[in-house]
Each structure stands twice: as structure tokens, then as C-alpha cells.
Amino acid sequence: MAAETGTPTTLTLKSNDDELFSVAESAAILSVTIRNMVEDGCAGGVIPLDNVDGKTLASVITYMNGISAIPADEEKKKSYRDKFLSDKDFETLADMVLAANYLNMSCLMDAVSAKIAQVMEKKSVGWVRRKFGIENDYTPEEEAAVKEEHKWTFEGVETDDDN
Amino acid sequence: MADWSQLPYDLVHEVASHLVAVEDFLAFSAVCCDWRSVYSAKEWHQRPQVPLLMIFVPEKNGFRNFISLYRNKVCKLEIPEFRGRKSWGSCSGWILTLGLDLTIQLLNPLTRVCPSLPPISSLQHRPNDQQPPPRNDEGGGSFVVIIYGPLYRLALYRPGYTSWTIVKETATLNQFLCVAFRKDRIFALCKAGSLSGKFNHLMLVESRGDILTVYTQQDSNRCGFPVGSVHFFVYALDFINKQWVEVRDLGNRSIFVDKSGCVVVCGPERFNCRSNSVYFVADNMQKMAGWG
């Protein structure tokens, strides 16, 4: 096989909107999902990734290449992750976390989740709903009960709604 | 674009686990029904954080006032389980309460989980009393350690047992002052050491694998009353050489000290607190002061 002759093996990944991407196997196996496919011998042709769109997959591959080029230095890897996520707009973070979950990439999922959590720090419930585009699916009575249970933390914090 | 309200439970759990402040986690849990799932399942693993400061109010009802440094305000919590009980701040989010009937309970004010501990009467058993082991391990390896009585003895309780297990003393004058947990070990600080006369107050705490001792020293006047500045000295245990090494720089950590224990918080800036500082509650002032 190619690996035995010293040439790096390249895999072809296909997004759910039919875009094709080439990526070095050594970088792609950061994804446990892809690694399992490679180990099971299912990675001969094109690997279809049905739950990831082309835009998100392009981003994930940039990350795979970037992080696998860094030697085993956790500090440098962390700073690469921070830099990688710093220019991602907020809307793509949800796609990234879903893709990381599907591809089973714990390090990326961890970093994206931390970034999402950071966005919510010190924010009110109303602010988070608007920012994340989430509809309030509580009935008024349920919501009142939810807030009553830990009233101390909800009182007087709605003022940051427009920040 | 993905729908944030349709995240699978595992991802909601993952995001929630990165929220450090309990105030943020409660706001997160109120956003929509799906995001409340981690709260409802009581699966949020609380990380060390800047403590809520419980203010002593001499009322026998279930109200307690707390200062939230994170929110920068005084909050009033109504906790019915506190009614008619004495309470102490404790560690890992648990508060210890003692009733007039001498029953001991733990209470987690976030989850309202309120396990009962064995009664005080079971502390009178002789140390070598054998207990039958519980049928199943209910507590998942958790345990409670208390220092009790005029002799400052140490007792241990594991869920499922019916009484406290009293730790046998190795020396006659081993008065225990403080305990800390690190991995699968309990570290206890005794009064028998040479430092106990020199310092007013000694504490033991675990932080990122280190065992730290926090010594508090306050100047006193000729009559022995504490006056003036409070000084803190922090030492870390060198496990290999079995000696204490002075820590002059806490880095991005801060230590919060009160009479019943201390907590180390990493990255306290996000809680509106300074790093590399010791925060303490002064006995006679009822307030906290920072010290860099």
C-alpha cells in the first residue's frame, strides 16, 4: 500500500452536499469515526459524511491539518485551537459542534463547547434566547416555576438584555 | 444553520459542563425545555468556584442571605430544609446542617439533594466496632469526613453504612484541624506539629494535584486580642521529599478562606475576583477583603 512505500495516504471525504475533499490520512484519523472506517478497510474509495455540509467540512479539515502539524505540545495545540475558533462566526459554532460530535473528535468538541459556554457567561436567559435564536417553549406557568425555584439568581439580571 | 434548541442531549451536557458559575448554569437551564435536561437529570458536575458567602442571620426560618461576588449583589435564598437547623458552609457545594434533634444532614442548595448522615449518637461507638458492609455501594465511592468533639477526632462515613467510622488515633494528642482529598487519599492536618503554636489558623486544601497548607496569622495586642493585619502563608507539600515548600506565587489561582475551610479557584477573574490573592472572611467585620 501507499503507506508502505513512504508516500502519505490521502483520503477523499464527501460532504452531504456532494463536495469532495482530499485530506491526509494522518490528519483525518483525528476523527474516531474516520479512523474506524480506515481500520475496518472501508476507506478505499470516497468516504461519505452524511451529516456534515461542505462549508463546515472545509473548516474541520483546516483544523485537522493545522492541529496534526503541531508536535505533541498541549500548550501549542491549545493556542492553535483558540486561534482557529476566534474568527469563527457565532452561527457556524453550532454546525461545528454537531460535526465534531458526528466525527467523534473530542478535542474539537471540547474547544467549541467551551467557546459556546463562554458566550453565555454572565448573560440573562432572554439574551441567550435571542443570541441563539431559541424559541421559549415553556408555558408562562412553567417558566414562572423554573425561575421561582432559584429566584435569587434571576432577580435583577435582565438588564443586560440589550448588550 | 443548525438549530440550537435541537442539540442532542450529549451536546447540551457538553456545553453545560463548560459553564463554571452556578449562576450561568441556572440561566442556561431556564432557556428552553431541552436545555433544562442536564439540570433535571442532576448531571452537572460542579467545579470549584468562588463561593457564595452565607451571611449569618439569627432567624429560625428557612431564609439565608448570600453574597454573590459573581453577580455582585446580596441574594436571599429560601431553603425550607434549613428551617430550624443550624448550618455551616462546606465544600463541593454541600452545606452541613444540624437540627435541634441532633440529626445531621447534608444539603446541596442547587439540586436540593438532602442526604441524612448517621446520628451523633453513633459517634460514641468504640473505634474498633465492626460494621457490616452495606449491601450495595449507593454513594459511588463518595464519602464524608468530619472533625468532631472536644478532642477534634476524625470520623468517616460512606453512604450505605449506618454509623460513622471513627479513625483510630496514632498518638494521644492528635487533634485534627483540617482534611483535604487528593485522588484516593485523605490528608489530615494534626495539631501536634511544631507550627500549631506559631499560627492562629491552619487549613489544608487540594488544588490541581497539589496539597496546600494555608496558615493565617494575625498580630495581637498585649492582652492577646487580635488586632491589625492578617498575614497568610501558603505551603505546598513536596510528596517526594516529604517537606513543605513555600508558595510565593499562586499564579492564576486564588484562595478563599473562612473559619470552616478553604477553596482554591482557578481563573477567578471570570467571577469578578483577582487572581494570585487570598480572600478571607474576618470574624469581627463580616466582610471580605482581598490581599494580593
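In the text below, chain A, chain B and the rest are named by the order of the sequence lines, each starting its count at 1.
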query = Side chain, backbone, both or neither: which part of V97(A) has a non-hydrogen atom closer than 4.5 Å to chain B?
reply = both
request  = Using a heavy-atom cutoff of under 4.5 Å, enumerate the residues of residues 104-115 of chain A that contact chain B, numbered in order, or state 'none'.
outcome  = M109(A), D110(A), S113(A), A114(A)
remark   = Scored by heavy-atom pairs under 4.5 Å with chain A, the best of S68(B), S5(B), C32(B) is C32(B)
query = Around atom CD of E74(A), are there more than 12 heavy atoms of other residues, nucleotides or ligands at under 6.0 Å?
reply = yes
ask   = Side chain, backbone, both or neither: which part of F66(B) has a non-hydrogen atom closer than 4.5 Å to chain A?
value = neither
Heavy atoms from other residues, nucleotides or ligands near NZ of K78(A) exceed 12 (cutoff 6.0 Å) = no
query = Which pairs pass ring pair (Phe, Tyr, Trp, His ring centres under 6.0 Å) with one or both residues in residues 10-39 of chain A, sequence neighbours excluded?
reply = none
V20(B) portion near chain A, given a 4.5 angstrom heavy-atom threshold = neither
task = With a 4.5 angstrom heavy-atom cut-off, could you sort out which part of A30(B) is near chain A: side chain, backbone, both or neither?
result = both
ask   = In terms of heavy-atom pairs under 4.5 Å with chain B, which of K151(A), E149(A), K55(A) leads?
value = E149(A)
inquiry  = If you compare all heavy atoms of H13(B) against all heavy atoms of V38(B), which two are closest, and at what distance to 0.1 Å?
reply    = CA-CG2, 3.6 Å
key: Segment of L11(B) engaging chain A (4.5 angstrom heavy-atom cut-off)   = side chain
Residues 109-117 of chain B: residues contacting chain A (heavy atom under 4.5 Å, by number) = P109(B), L110(B), R112(B)
task = Mind jotting down which residue pairs meet the ring pair (Phe, Tyr, Trp, His ring centres under 6.0 Å) criterion with at least one end in residues 45-82 of chain A? Sequence neighbours excluded, please.
result = Y63(A)-F84(A)
query = Contact part of S17(B) toward chain A, heavy-atom cut-off under 4.5 Å: side chain, backbone, both or neither?
reply = neither
Test item: side-chain donor near acceptor, T97(B) and E81(B), under 3.5 Å = no
ask   = When heavy-atom pairs shorter than 4.5 Å are enumerated against chain B, which of E142(A), R129(A), Q118(A) gives the highest number?
value = R129(A)
